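Keep in mind that what you see is a predicted model, and the values were worked out from it rather than measured. Both backbone and side-chain heavy atoms feed into the values below; hydrogens, waters and symmetry mates do not.
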Amino acid sequence: MAPHFIFPQNLHALEEDTGDNRLTVLGPTSISSLRSSELEEFVKGYTSNYMTELFCIKGQKAFPESGKPQNCSHTLYAFLPSSSKVSYLAFLFFQTGVSFDLSDKELFCVEDQDVFDRVYSLVKCFASLTPSCKLNLVESLRSNLSVLLPNVDSLLRVSQNKDDDESLVIDRVASHRNAFKIYTFFLVHIVLAEQSNTSSNKSAKVVASRQKKQPVHAWNWEPQRGRILNLIANSLEINLSLLFGSSNPDENYLSFIVKNAFSMCEDVTLLKDLDTKDALCRTIGTCATKYHYTTQSCASILHLIHKYDFVVTHLADAVAGAEKKYADGSLAISLIREIGRANPKDYVKDTVGAENIGRFLVELADRLPKLISTNIGLLVPHFGGESYKIRNALVGVLGKLVAKAFNDVEGEVSSKSIRLRTKQAMLEILLERCRDVSAYTRSRVLQVWAELCEEHSVSIGLWNEVAAVAAGRLEDKSAFVRKSALNLLIMMLQHNPFGPQLRIASFEATLEQYNKKLNELGPHTSSEGDMDGLSTDNDACNGDGEVDDVGAEGVSKEHHNSLSDSCLPYVEDGIGQKDSSVPDVGNLEQTRTLVASLEAGLRFSKCVSATMPNLVQLMASSSATDVENTILLLMRCRQFQIDGSEACLRKMLPLVFSQDKSIYEAVENAFVTIYVRKNPVETAKNLLNLAIDSNIGDLAALEFIVGALVSKGDITDSMISALWDFFCFHVSGTTAEQSRGALSVLCMAAKSYSGVLTSHLQDIIDIGFGRWAKVEPLLARTACVALQRLSDDDKKKLVSSNGSRIFGILESLVTGFGLQENIWYAAADRAIAAIYTIHPTPETLAAELVKRSLNYVFDRSGGDEFQNDIDFATSNALDTVQVTKLSRYLFVVSHVAMNQLIYIESCVRKIQRMNAKKEKMIAEGQNDHSNSTMPLDAQKNNSINAELGLAASADAILDTLSERAEKEIISGGSTGKNLIGHCAPFLSKLCRNFSLMQKYPELQASGMLALCRLMIIDADYCDANLQILFTVVESAQSEAVRSNCTIALGDLAVRFPNLLEPWTENMYARLRDPSVSVRKNAVLVLSHLILNDMMKVKGYINEMAMRLEDEDERISNLAKLFFNELSKKGSNPIYNLLPDILGKLCNQNLNSECFCNIMQFLIGSIKKDKQMEALVEKLCNRFCGVTDVRQWEYISYCLSQLAFTEKSMKKLMESFKTYEHVLSEDSVMDHFRSILNKGKKFAKPELKACIEEFEEKINKFHVEKKEQEFTAKNAQAHQQKIDSMESFTATKKDGEESAESEIAEDGEVTDQSSEEVTEFSHDSKDAKSVEGEECSHASSEVTEPEPCDGEVQSHRPR
């Protein structure tokens, strides 16, 4: 009988002599000393042909039959040369190879000492074997073990046979056991050795594989590895008790298997192979569950999970596989118990381990939901831990359990009730966790709720509560929480149980009908009780807590479990008809359930509709994810017809101007999804309706996006044709307003491609200025815009064919009175612009417009008299003139002047382009033709021009002419004033006449607008009238006038910055205007000037900061946007402006809340650590010289809002002397304590100790300062008491003296008052002495002095 094999600590330990009866290696072979051919024969064995060829010498053959040389062999050995003797001896020893022995002999031959030693030698040097040798050895060992495993079952039959000798049976079992162990041991070490070799030579193999192809018969290790490990896993699943004599194998064998299985799990390449991974998982699960190796396996599993993140999923598979195979969850329960026992503080330090443990729990809950649900109580206490990663994981676990652990409907009623209560408790925890202190956990909870909604695991009774939580989280301060809330609402809409239409009016109408039906069926029952019954009553709910199909059918015949992700078009249906007959859904209980479902749907619709204001705010968020997800939610709301969603979607249009590419793409995709359809007519109708209903800002955004879509081809030619059909009234039922909308969209498209308008020039004239213009007055204005968008060729064609008619129409628009007053200004604006765009000499026609407008106002003969009346401000100044006509005249004059300026600039640019093109052609000509071919005179002229700089002088001449032309618009040339120049002095005098302007507000609005336009044109005129402008902008009663002037100030600042620079303070003063519109325009104007570097940020920026807390939300948002954009410029100017803003705001009459909000926002825009550190020093230094307690509180608050680092904490402690005098105030101390508490969170142990020491120091200083203040206060009160007593004593003495004088005159009189005064004086001295002692001990006890009303009380010692 062979010695027993015992698993050693390692492979090399087999060579050690242990002294006991165990199988060890006695004669190992040095594999490294063998040549390749010898190694092949050592593994495989010799062939007969090779032996014959090798040992046939001089015609003699020798085939020894044993290991010892025979007589013939000795004779042969004597004749061999020395070089062949070694091979001969090897032949004598190696009669057969290892593979041959393992395959030819019995399975137990591996326990023979000779075979065991040779196999050991090969396994030891396995990495150095050739591929063929490796393959032969592995196949031999693996095949023998695979044959051995079925033989184990035959041992049971042998042992039951009484005829066999018992000793033989024992020996046979021992041989099986030995062979089983040996094969397992060697195969496992082959896997370890080859894997180690593969990992170390991985880079070398990659290089080799690039250089040449692998041979056909190369060693392919991966399939062999999978087969070996699966074989070992299979060996664990047989009845090993027949081999080991007990239910469990010996500890030595299990320890070897488990240890190496876990060590292999540390290699990520092994786990990537599916067969290998499955084998390792089966091995771990079987050892831990079947053989009760749970404790050690738990420790190893947790160690791996803490250390490696890639093992989490695979180990969860192993645990779940063991539970399903053996119906034993002991391993999973042990792991949960160990995780639950862990100290929550350990997870705070080990963040990687906490994340891996959390993932493992979620994976385990996904695979074993019922088992985890019964043991979840072990994990719930970790919700109180500080590690948000563990809380995130537990939230995910609860989500998996709610979705999967309670789906079965079998079981008793009591067990169902218990499971429902358990599920309800989990849902309550999930709702509670929505208010977690960590934003990551709040976000994760919302994600879990979204997953539950997608899997239909949320009951109708809980649906509205979840919706309310999601709506509330839209205002969360964290961006990713808001993102999760938006996604949750999207998911709730997509999987809502109430139907595809969620209009409030439709729900109310249907609910009213079924309430009547319910009243007819039985007594009225409160709807709230019915709603509660949806989530708790077993009759109304199934096992998942969901409402039965009765209620769902009442709301929607077909339940849309999953709607398309794209925003589908919806059809405007009428509100539910209030028909007296409603479908009968059944008995009283079913009708009651349906009513409760309808009420839940109504509440859900109202809840989502109430979020629209928040969604509008989120579209203005600085976070791109907020904007993108908000747009997605609004699209989903529109799909389900949520009230207010259509109007909110309109407000996304201005976002096309966003510089963030992702936001622009989101808006564009939403626009295409909502408004662009496959049907061209439907697309055209959507676009023209959008143009009709949009305001000026939305129209600009719509023009931008339509132009982009035309360029990209998303708006096709067929859609353009459909728009023309609407404009030309080819579509039946088209209104004049729709025609105007279609033309507006066509004008927008023409901005990108002017050829859009080419084919319908005559239609634009006939319809745009024809009879339909009287029906829709704005149609003429839109037609003027279309004329401006024509291409150059179309303009020439139009002027040549219909020039006189077009210009006559435009002139009548400006000078006629056919349009309403509010529409005329817009039409005249575009008409004059169209004249300057298409007329070859627009100044001639413009002059005629001005003259004709002047004639309409008053006769030329009366013009001088009217101007004299204006000069003297007579009461009958406007008696002979209509205000409307004069306002129109001023508008025409000023607008013609402005367009003349634009025309001059366009002419200059045109000349510059022509010159640049000419120079480019000359340069290209010089390159194409060599100097030899160019005429000599031309070469000479070019060189002379270059030397003299004639090109530069031509540009200077052009600039001079341009300036002169602009000057002549108002000031005129050498011959005197021109047409507009005659009007300029009159306009100035008219605007200076404040009494006249107040009497006619419309005239003031028109006059000031004209004045501002003329000031923009001419610098001298601007300088002369700036005083008038600022006077009007400050004192005008009309908000419109002040707003217009504020906007004009921005234009003036751009054109003449030097003239406006002294008036900077007055421009900032508009931010304090009582009118909301004026303040809003002031914010917009100043933002534009500052952000575009047209105005320097001076000492008045605090006015803009105060607008952060403006009572109007729109202004507040604009101010926030301004400071956000300002913080992105350079090195963040807010950092330099903050101290100045702080100083100015401290002196403003602001309440504390407004100040704190303003400074919190400004400080939050500073992100750099260096700037924060510098601010700490600056703010600390501001305490010096400040005596106002309120300013101390403000400065300390600003300090508490800074993001402190280690350096800034040290600076704060070093600057103690600058603020030690302010620590007596409690509010200041609270801010400093807040700073120190924040510092402790990120501080290292050394810094934390310093912070704690510093905290003790300032606390002690604070107490001392408070005592000093109380002492000083007490002393002051005492001094006041003494002064009052002395004055009282002096008064008494004066009374005594007057009494004595009376006695001297009238005789002796006994006076009791003198004795009382004497007694009082003694008492006073006693009181002084007592109170003096009290003051000396004021540091130990402070007493508040009581007020005395003319009487001093002293406490005498008894």
Using side-chain heavy atoms (C-beta onward) and a distance below 4.5 Å, is Val1032 in contact with Leu1011? no

With a 4.5 Å limit on heavy-atom distance, are the side chains of Glu966 and Ile1017 in contact? no

For Asp693 and Arg650, what are the C-alpha separation, side-chain angles and deciding distance, and is it a salt bridge (charged side-chain N to carboxylate O under 4.0 Å, His left out)? CA-CA 9 Å; Asp693 298 335; Arg650 295 282 182 88; 3.5 Å; yes

Measure across Ile767 and Ser739 and return the closest heavy-atom pair with its distance rounded to 0.1 Å. CG2-OG, 4.2 Å

So, do Gln1004 and Gln998 sit near enough that their side-chain heavy atoms are less than 4.5 Å apart? no

Counting N and O atoms only, with roles assigned by atom type, does the side chain of Trp772 sit under 3.5 Å from a partner on the main chain of Pro777, one being a donor and the other an acceptor? no

Rounded to the nearest 0.5 Å, the CD atom of Glu1061 sits from the CE atom of Met1067 at a distance of 11.0 Å

For Leu1049 and Val1085, run side chain to side chain contact (heavy atoms under 4.5 Å, CB included): C-alpha distance rounded to whole Å, both residues' side-chain angles, the deciding distance at 0.1 Å, then the answer. CA-CA 8 Å; Leu1049 287 175; Val1085 167; 5.5 Å; no

Do you know the tightest heavy-atom contact between Ala786 and Leu757? O-CD1, 3.5 Å

Could you go through Ser887 and Tyr1000, starting from their C-alpha distance and side-chain angles, then the distance that decides it, and tell me whether this counts as side chain to side chain contact (heavy atoms under 4.5 Å, CB included)? CA-CA 10 Å; Ser887 298; Tyr1000 300 100; over 6 Å; no

Does any non-hydrogen side-chain atom of Leu987 lie less than 4.5 Å from one of Val893? no

Taking all atoms of both residues into account, what is the closest heavy-atom pair of Ala780 and Phe769, and its distance? O-CE2, 3.8 Å

Nearest heavy atoms of Leu1071 and Ala1082, plus distance in Å: CD2-CB, 3.8 Å

Below 4.5 Å, heavy atoms only, C-beta onward: do Arg781 and Tyr825 meet side chain to side chain? no

About how many Å separate OH of Tyr903 and CG of Asn899, when rounded to the nearest 0.5 Å? 12.0 Å

Which atom pair, heavy atoms only, marks the closest approach of Leu1059 to Ala1019? CD1-O, 3.7 Å

Residue pair Arg1013 / Phe891, side-chain heavy-atom distance below 4.5 Å: yes

Between atom CD1 of Ile1028 and atom CE of Met1008, what is the distance when rounded to the nearest 0.5 Å? 7.5 Å

Counting only heavy atoms not in Lys651, do more than 12 sit closer than 6.0 Å to its NZ atom? no

For residues Gln900 and Tyr836, is any side-chain donor paired with an opposing acceptor at under 3.5 Å? yes

Taking atom types as modelled, is there a side-chain donor on Tyr1021 or Ser988 under 3.5 Å from an acceptor on the other? yes

Do side-chain atoms of Arg1055 reach the backbone of Ile1016 as a donor and acceptor pair under 3.5 angstrom? yes

Go through the steps to decide whether Val896 and Leu979 satisfy the test side chain to side chain contact (heavy atoms under 4.5 Å, CB included), and finish with yes or no. CA-CA 11 Å; Val896 166; Leu979 186 61; over 6 Å; no

Short N-O contact, Asp1073 and Arg1042, less than 4.0 angstrom: yes

Hits for salt bridge (Lys or Arg N to Asp or Glu O under 4.0 Å) against Arg992, two or more places apart or cross-chain, chain-then-number order -> none

Asn695 side chain to Asp698 backbone, donor-acceptor under 3.5 Å: yes

Tell me, yes or no, whether the heavy-atom count around Glu1002 atom CD, taken from other residues, nucleotides or ligands under 6.0 Å, exceeds 12. no

Closest heavy-atom pair, Phe727 versus Gly768, reported as atoms and distance to 0.1 Å, is CZ-N, 4.3 Å

Looking at Asp1020 and Lys967, is there a salt bridge between them, counting it only when a charged N and a carboxylate O are closer than 4.0 Å? yes

Take Arg909 and Ser906 through the side chain to side chain contact (heavy atoms under 4.5 Å, CB included) test and state the conclusion after the steps. CA-CA 5 Å; Arg909 285 194 299 270; Ser906 65; 3.8 Å; yes

According to the interplanar angle, ranging from 0 to 90°, do the rings of Tyr1068 and Tyr1100 count as parallel (below 30°), tilted (30 to 60°) or perpendicular (above 60°)? tilted

From Glu1103 CD over to Arg1072 CZ, what is the distance, rounded to the nearest 0.5 angstrom? 4.0 Å

NZ of Lys1144 to CG of Leu1137: how many Å apart, nearest 0.5 Å? 10.5 Å

Can we say Lys1120 and Asp1110 salt-bridge, meaning some charged N sits less than 4.0 Å from an Asp/Glu carboxylate O? no

Side chains of Leu1052 and Cys1022: closer than 4.5 Å at any heavy-atom pair? yes

Hey, does the side chain of Asn1117 reach the backbone of Glu1113 with a donor-acceptor pair shorter than 3.5 angstrom? yes

Are the side chains of Arg888 and Lys885 in touch, meaning some heavy atoms are under 4.5 Å apart? no

Taking only distance into account, with no hydrogens and no angle test, what donor-acceptor pairs under 3.5 Å do side-chain atoms of residues 746-756 form with protein atoms, sequence neighbours excluded?
residue : atom : partner : partner atom : Å
Lys751  : NZ   : Glu703  : OE2          : 3.2
Ser752  : OG   : Gly707  : O            : 3.0

Residues which pass salt bridge (Lys or Arg N to Asp or Glu O under 4.0 Å) with Glu1034, listed by chain and number, not counting sequence neighbours: none

Could you check whether atom NZ of Lys1129 has more than 12 heavy atoms from other residues, nucleotides or ligands sitting under 6.0 Å from it? yes

Would a distance-only check, ignoring hydrogens and angles, find a side-chain to backbone donor-acceptor pair under 3.5 Å from Asn1092 to Met1094? no

Any chance you could lay out the ring pair (Phe, Tyr, Trp, His ring centres under 6.0 Å) test for Phe704 and Phe657, step after step, and finish with the verdict? CA-CA 8 Å; Phe704 183 85; Phe657 299 114; 5.3 Å; yes

Taking Ser962 for its side chain and Leu958 for its backbone only, find out whether a donor-acceptor pair lies under 3.5 Å. no

Measure the CG-CG distance between Asn1081 and Leu1086 for me, rounded to the nearest 0.5 Å. 10.5 Å

